[in-house]
There are 2 protein chains.
Amino acid sequence: MARIARNFQKVTIKDVAKYADVGVGTVSRVLNNNSHVDPSTRQRVLSAMKELGYVPNPHARRLSTGTSDLVTVITPEMKGDFYQTLIASIDEVLIKNGYSSLLYPLYNERKYEALRKSSEILLSTDGLIVDGVSVDKLLGDIVEPNMPVVCLEQESERYDSIMVDNYYGGIIAGDYFADLDMEIFVVTHRKAHELESTVFDERLEGFQESLERKGRSIDKIYYVPLDWESTFEVARRIFSRYKRCAIFTTTDYLAVPIIEVARTMELKVGKDVRVCGFDDLPIAQILEITTIRQPISDMGKVAAEILIKKIRGKARDKVRKVILKPELVIRET
Amino acid sequence: MARIARNFQKVTIKDVAKYADVGVGTVSRVLNNNSHVDPSTRQRVLSAMKELGYVPNPHARRLSTGTSDLVTVITPEMKGDFYQTLIASIDEVLIKNGYSSLLYPLYNERKYEALRKSSEILLSTDGLIVDGVSVDKLLGDIVEPNMPVVCLEQESERYDSIMVDNYYGGIIAGDYFADLDMEIFVVTHRKAHELESTVFDERLEGFQESLERKGRSIDKIYYVPLDWESTFEVARRIFSRYKRCAIFTTTDYLAVPIIEVARTMELKVGKDVRVCGFDDLPIAQILEITTIRQPISDMGKVAAEILIKKIRGKARDKVRKVILKPELVIRET
DNA sequence: CTGAAAGCGCTTACAG
DNA sequence: CTGAAAGCGCTTACAG
């Protein structure tokens, strides 16, 4: 006894079994179509399921098997093409392998807290892909030690990680700008949150290093939040003094308003004003922005593949680091 | 017998009970801190949990209670500020009420299929908010009849819906343009998928209707996919012939490249070229685009609130429709 | 190939 | 206030 019908008289595997005149085990077997079931029996069960409108209860399945076929994907944001591309490429691999992704964008403080409080969500999935934020710091105490985890754009002592050599990307951007006979500016993002990614800084460092090697230096670095509004302002400030200069933005996203302002002020972008972004976001292709291309899709694909191997217990034990190289793409700016 | 330790010797409620020398029921009670537990007992249980590193198994809880405290949020996309704002406002209400959101953006065909195939995901949550796509068509046969569902930007016969009066939005845009002594063009999105939203069409219809009433008409309608690339092309085509015209875009997103091209071609935006968007996305505020403001945050908030009421069984039974009105925001374009 | 049964880890009336 | 027990709806060795 002791049971209230919460689930609105849902039909269970038991009802199906009775209806088809078989045991529940058999129903379960056709459900998972593993082990051999007699074709005629299977047919009977199948039509019983249809007849009764049976839908399996995922919670029960998960409790019983201990797996959910779900993967949590944590990103610091989901705005912008970068994450679109990344998530789509992760998803593609996941779906192909029978998993679904559970997206968890940490777009504000509240989401951080919510994640820590109801870490249930994580624990109910089979694996975890974390982009940009530090697992060790953010979730070190929450994630079970043997949960399969892959880090993206973030190093980890304990887990596999996929990184892009952002420092190297900065270097090639610097090499490209060093020969230009103009002032050199940088517009970059200052990380606002302890747990945010350090990629922008790495790009900046590489850029700086490359210029130094060639006996040049950055004339000024502008730090902005990751929005266009502030970047417009910065651009106006720059162009009101300099009608001729080279600007490196540590992401294409920040290059867009700069180019917009330059054009509005009728400066010749690509000639007097040179702009090099980073990432090769779709917008960079559309606006023909010169940029450092990051292999975003590859990152997602590799991350998902490694994670699935880990979930299936096929991965090697030692912590692995995959480092992908960016490349310079010269366009019109 | 019959059991492999899949879950890496995880500690269960049983272990905690034994350790604290109480029954499992008591542990469960302190876990959910309902019904009264003796303070000293509670303390003993609490420290036992800490000692053993106990983490509750959500699957078991869900199977037992039949609830998950999860809400699925389905959107046709998640790119762009519109969905950012919408999702954030939904999340805020959800989190405040102890729920978590499970994001499911249908950004391509593959995701549609995946959703239909593993509809498990939906069924394992307590409720469903669906934006833009037709639940009846998309999921009519999957969603249980008594699953709490709220539709956004999409009417439904069976479920509550929150709509914006897009037709009315078109009307006020038309009223605004009708007095302008220039050619009038429209750039809009042609829905590519059977299940896509019809908002763009409704806006267009309102716009058309308003112009007709005032004895005017649209000179040409340009249909584009929802990306900038094609819109750039269209803009170039328009401005190569017309140096003076008014353009209504059925979303701000499409207004951006048009303004960009106009400025690049040195046309006077706001004077010779008038542009009115729709939505009032952040980008519209940044670029000072005249637009029809949609109350995005309100939509999300109202949807989440209604859903929670339904989940808690406090909602009225009849299907409810909430219609929010957009308004004209005049800026520089 | 298949049924009966134990088990997954919780929750919750019931009877103290 | 609390323990013993039934139940949630599945899966899966086990023994035919």
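Naming: A, B, ... by sequence-line order, numbering from 1 per chain. In this text the structure is predicted, and so the values were computed from the model without any measurement.
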* Which part of the nucleic acid does B/Pro56 contact within heavy-atom distance under 4.0 Å: base, sugar-phosphate only, or nothing? -> sugar-phosphate
* Asked: Nearest-Å distance, CG (A/Asp15) to P (D/dG9)?
  -> 9 Å
* Asked: Of the nucleotides C/dC10, C/dA5, D/dG9, which has the atom closest to the A/Val24 side chain?
  -> C/dA5
* Do B/Asp136 and B/Ser134 have a side chain donor and acceptor closer than 3.5 Å? -> no
* To do: Please name all residues satisfying side-chain contact (heavy atoms from CB on, under 4.5 Å) with B/Leu31, sequence neighbours left out, ordered by chain then number.
  => B/Met49, B/Tyr54, B/Pro56
* Base-paired stems in DNA chain D, each at least three Watson-Crick or G-U pairs under 3.5 Å -> C:1-3 with D:14-16, C:5-12 with D:5-12, C:14-16 with D:1-3
* Asked: Which residue, B/Pro39 or A/Val55, contacts DNA chain D at a nucleotide closer to its 5' end, judged by nearest heavy atom?
  -> B/Pro39
* Return the set of residues passing salt bridge (Lys or Arg N to Asp or Glu O under 4.0 Å) with B/Lys96 (not counting sequence neighbours), or none when no residue passes. => none
* **Check: D/dG3 base within 3.5 Å donor-acceptor of B/Arg29 side chain** => yes
* **Under 3.5 Å donor-acceptor, A/Ser28 side chain and A/Val24 backbone** => no
* Identify which nucleotide among D/dT11, C/dG9, D/dC10 has an atom closest to any side-chain atom of A/Thr65, counting heavy atoms from C-beta outward. => D/dT11
* Ignoring hydrogens and angles, does a donor from either the side chain of B/Ser64 or the base of D/dG7 sit under 3.5 Å from an acceptor on the other? -> yes
* Taking the nucleotide of DNA chain C with the closest heavy atom to each, which residue, B/Ser28 or A/Asp21, is nearer the 5' end? -> A/Asp21
* When you get a sec, tell me which of C/dC10, D/dG9, D/dT11 is the closest nucleotide to the side chain of B/Arg61? => C/dC10
* Side chain proximity check, B/Ile90 to B/Val71, heavy atoms < 4.5 angstrom -> no
* State whether A/Thr26 places a side-chain N or O below 4.0 Å from either non-bridging phosphate oxygen (OP1 or OP2) of C/dG3. => yes
* Side-chain touch B/Gln154/B/Val135, heavy atoms, less than 4.5 angstrom -> no
* Nearest to the side chain of A/Thr12 - C/dG9, D/dC10, C/dT2? -> D/dC10
* **Which residue lies more 5' along DNA chain D, comparing A/Ile13 with B/Arg44 via nearest heavy atoms** => B/Arg44
* To do: Rounded to the nearest angstrom, tell me the gap between atom NZ in A/Lys18 and atom C1' in C/dG3.
  => 15 Å
* Rounded to the Å, how far apart are B/Asp38 CG and C/dG16 P? -> 22 Å
* **Pairwise salt bridge (Lys or Arg N to Asp or Glu O under 4.0 Å) hits with a residue in residues 53-77 of chain B, at least two apart** => A/Glu120-B/Arg62, B/Arg61-B/Asp69
* Asked: Given D/dT11, is OP1 or OP2 found less than 4.0 Å from the side-chain N or O atoms of A/Asn32?
  -> yes
* Taking only residues two or more places apart in sequence or in another chain, which ones pass salt bridge (Lys or Arg N to Asp or Glu O under 4.0 Å) with B/Glu155? -> B/Lys321
* **Interatomic distance where CD belongs to A/Gln43 and C1' belongs to C/dC1 [whole Å]** => 16 Å
* Asked: C/dT12 and C/dG16: how far apart are their C1' atoms, nearest whole angstrom?
  -> 16 Å
* CG of A/Leu52 versus P of D/dG9: gap in Å, rounded? -> 14 Å
* CG of A/Leu31 versus C1' of D/dT12: gap in Å, rounded? -> 14 Å
* Partner set under side-chain contact (heavy atoms from CB on, under 4.5 Å) for B/Ser89, not counting sequence neighbours -> B/Ser297
* To do: Could you work out which one of D/dC10, D/dG9, C/dC10 sits closest to the side chain of B/Leu63?
  => D/dG9
* Take the protein atom NZ of A/Lys14 and the nucleotide atom P of C/dA4, then report the distance between them rounded to whole Å. => 12 Å
* Asked: Atom NE2 of A/His36 and atom C1' of C/dC1: how far apart are they, to the nearest Å?
  -> 10 Å
* Within the structure shown, what part of the strands sits under 4.0 Å from A/Val27 by heavy-atom distance: base, sugar-phosphate, or nothing? -> nothing
* Asked: So what does A/Val16 hit on the nucleic acid, given a heavy-atom distance under 4.0 Å: a base, only sugar-phosphate, or nothing?
  -> nothing
